[in-house]
Amino acid sequence: MLYQNDNLTYNCPQCGDKLNIFFKYSKLIKCQSCSSAIFLEDKSVRLIGEGSTLSPEPSLIELHKMFKLQNKTFTALGKIRYGYGRGFWEEWFLRDEKNQEFWLSIDEGDFVLEEKNKLSLPFKDFSKFKVGSRHGKYIVTEKGEGTCIGFEGELPENINIDEKHQYIHLSEGGGHLVTLEFTKNSSQTFKGKWIDPLDIEVLN
Amino acid sequence: MSQVKSIKCTNCAAPLSLIGGGRVESITCSYCKSVLDLNDNYKVLSNFKNVKESQKLPFAIGMVGRIKDIDYTIIGRVTYAAREYPHGEWTDFLLFSPLYGYAYLTYEDGHLIYSKRNRTFPNVTWSELTQHSSIGVDRKDFTPFDHYEAKIVYIEGELTWLAKRNDKTYFVDLINPPFGISAEKTNSEIEYYKSEYLDSTTVYDAFNIEAEDEAKTFNVLKPFKRPFLKSLSYIAFFVLFIIALFALVGNVDGSGKLIKSISADNQAVKSTDFTVNSSKYLVDLELRASKAKELNNFNLQIHKDKNIIFSLTPQSAYIFNSKTNHIEKKLHPWDKDSKKVRVSLNLEELGTYHLSIKPINPSIKSTLFIRINEASSRLNYLGWFFAFTFILWILYKFYQWRYKRKLAYERGIDIENEDLEHNTKSGIITIVLIIIAIAIIIAFGN
């Protein structure tokens, strides 16, 4: 069953429709009626703009649908799409049965399941990481950047549409990796594992 | 992405369609065969117009088929030629699924191999790859098999990297048939692909195309059909061993049955008859005295129908031919310090035998106790069994060694390869063990 925040009721400041919130720590939500992007503050809501409508693309994961992976049941609560030239990748915001947050990155059949991590970095300069270079037990295997195109559902943090987003994959071997993400004003670290999409069991 | 984008060839203006998702970086114009860089305003990278294809391929770009329950579209192809194998070319067909991404279907001389990018390969440097005897990936051990350099000889359709004619790629193949890992190194990156040998008929059916004849050539990932006898030997050998052991130890009673128990002393010759009712196993005579000196003070003879068949003294033991009364076999005498002797005789005829015990020196006070058991087996019966089993095991190992050698030869492993040298040593050891086993059997026989 999806969690629904019954203690607080929010309405869309744009169209007045009720906002269905499935994660109590969500900060950003898209109105399911008018697609407005709404920032959730302590006890109030703030319209931050008209949300872009993402083009429907085939995907194993669907919003508000559950799936099983590695003996856990996840619910897809939201997603961010990043564009890079002719393609895009999506970061799905997930919640498991223990209400823990996960992120599932899907890029043309490559799936990475990660959690936020507080790993200390040798440096925070994107340009200093060279593909193939080793940092302790990690090897830099991929660098890339994209632009935030839009989002759907709800997210635990605010995002800025059109903001440049850089990432670095540091491989630990055996499918384990650390991902560093950089925006203009912040950086985040995620730790997780490459997964085989065939291991995903979509639940009806 | 699954959406179709229309573009024009910058060389001949022919319309081109992109169907291969966001990772596609180059496309080859199907009209003028120019390879265009999608990251650089469709700049022409190379041209294959005058390149003749040497391979006739069963697959073509745009074909749709299902592999491993994933619906794929063939969006591009690359044909490679390895420098070390000038007559061998292979073609990688790039497959695309909007849900599951990219994969390859490799066609080589009729063999079909499916590959997908592997992300779980351990952190091993390129130079270390061939130094490992095996590398574990996804709970399977892969053995380095070959490393070679190949160049691109033909390109068609869409590719997820910028490929030009004669571009070089270095390959290291690791195998665990029907699976394999292909490590591929270009100037810019190293990628790992996990491969699986596919049944070609199934793939042709999946793509709804006419099946080619089954490949007759060797392919390293093609699993060998295990010979029937080999499969059988894995189970049958141990099953037979256990059955035989149980039969011998459990069902066949070789503990013997007492048929006579007498004693003799230094006062007089002692004679007695005993009747053998069973031809199973042996008849045991157990001679026992309280001192070795007493045991050594007796001679013993066995007659059958007044013909001597056995004579035993402290110095000698003889078996006689009951028909000719001539010595048939001389046995070793017992140890002079023994206080107990056991003689096992194979008395083939049933019936009554006559035993006489004669003291050698009547002045030496001595008493001899004799127990006669029939149907008594000896430990060396088991010894024979184990020797026989050992020989079978040696033969099995020898067969296994020959099979591996054949496999190594057919897979083209260099005869100087260390593994093979190791196998050759194992083979020699095996042969030596067989000779030793035969020698043991002969010794037992004597």
Side-chain angles (χ1 to χ4, degrees), chain A residues 54-62 67 81-90 105-114 130-144 146-147 149 169-179 192-202, chain B residues 1-5 7 18-27 36-42 67-73 75 94-104 116-126 128 135-139 158 160 185-192 194:
Chain A
L54 300 180
S55 60
E57 299 291 345
S59 173
L60 281 180
I61 312 299
E62 288 184 50
F67 64 91
R81 185 177 291 177
Y82 295 95
Y84 58 92
R86 299 168 314 283
F88 67 86
W89 84 87
E90 290 181 334
S105 168
I106 303 178
D107 184 6
E108 303 281 18
D110 284 337
F111 287 59
V112 184
L113 183 67
E114 292 180 302
K130 305 286 181 199
V131 172
S133 63
R134 188 184 273 275
H135 300 276
K137 60 180 177 178
Y138 300 104
I139 292 176
V140 179
T141 53
E142 198 172 327
K143 279 179 77 173
T147 305
I149 297 172
H169 283 327
L170 293 155
S171 170
E172 196 182 338
H176 297 273
L177 80 161
V178 166
T179 302
K193 201 173 180 187
W194 293 97
I195 60 164
D196 187 340
L198 292 173
D199 291 338
I200 292 175
E201 183 191 347
V202 179
Chain B
M1 289 198 304
S2 60
Q3 69 210 52
V4 176
K5 292 181 177 177
I7 51 172
L18 271 171
I19 55 172
R23 295 260 185 100
V24 171
E25 297 204 356
S26 72
I27 183 168
L36 310 176
D37 181 355
L38 270 64
N39 291 327
D40 192 6
N41 297 312
Y42 304 99
I67 299 176
K68 300 278 171 195
D69 288 331
I70 300 173
D71 291 319
Y72 284 114
T73 304
I75 62 167
L94 181 58
L95 311 173
F96 177 67
S97 155
L99 288 181
Y100 295 95
Y102 301 93
Y104 285 97
K116 214 166 180 325
R117 183 97 183 255
N118 178 272
R119 305 281 191 173
T120 55
F121 201 84
N123 277 354
V124 177
T125 63
W126 184 258
E128 288 169 351
I135 295 176
V137 182
D138 298 339
R139 294 187 292 277
E158 300 170 37
T160 53
K185 182 185 171 204
T186 61
N187 287 335
S188 56
E189 60 186 343
I190 299 172
E191 291 181 342
Y192 301 96
K194 195 170 176 186

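In what follows, chains are A, B, ... by sequence order, proteins preceding strands, each numbered from 1.
Looking at A:Lys137, only its backbone comes within 4.5 Å of chain B, counting heavy atoms on both sides. Only the backbone of B:Phe121 comes within contact range of chain A, judged by heavy atoms closer than 4.5 Å. Within the 4.5 angstrom heavy-atom criterion, only side-chain atoms of A:Glu142, from C-beta onward, approach chain B. For chain B, the nearby parts of A:Leu198 are the backbone and the side chain; heavy atoms of each come within less than 4.5 Å. When heavy atoms are compared at a cutoff of 4.5 Å, A:Asp107 approaches chain B by way of both its backbone and its side chain.
B:Arg119 has a carboxylate O that lies under 4.0 Å from a charged side-chain N of A:Asp110, or vice versa, which qualifies the two as a salt bridge.
To the nearest 0.5 Å, atom OG1 of residue B:Thr120 and atom CD1 of residue A:Ile195 are 12.5 Å apart.
Using a 4.5 Å heavy-atom cutoff, the side chains of B:Arg117 and A:Trp194 are not in contact.
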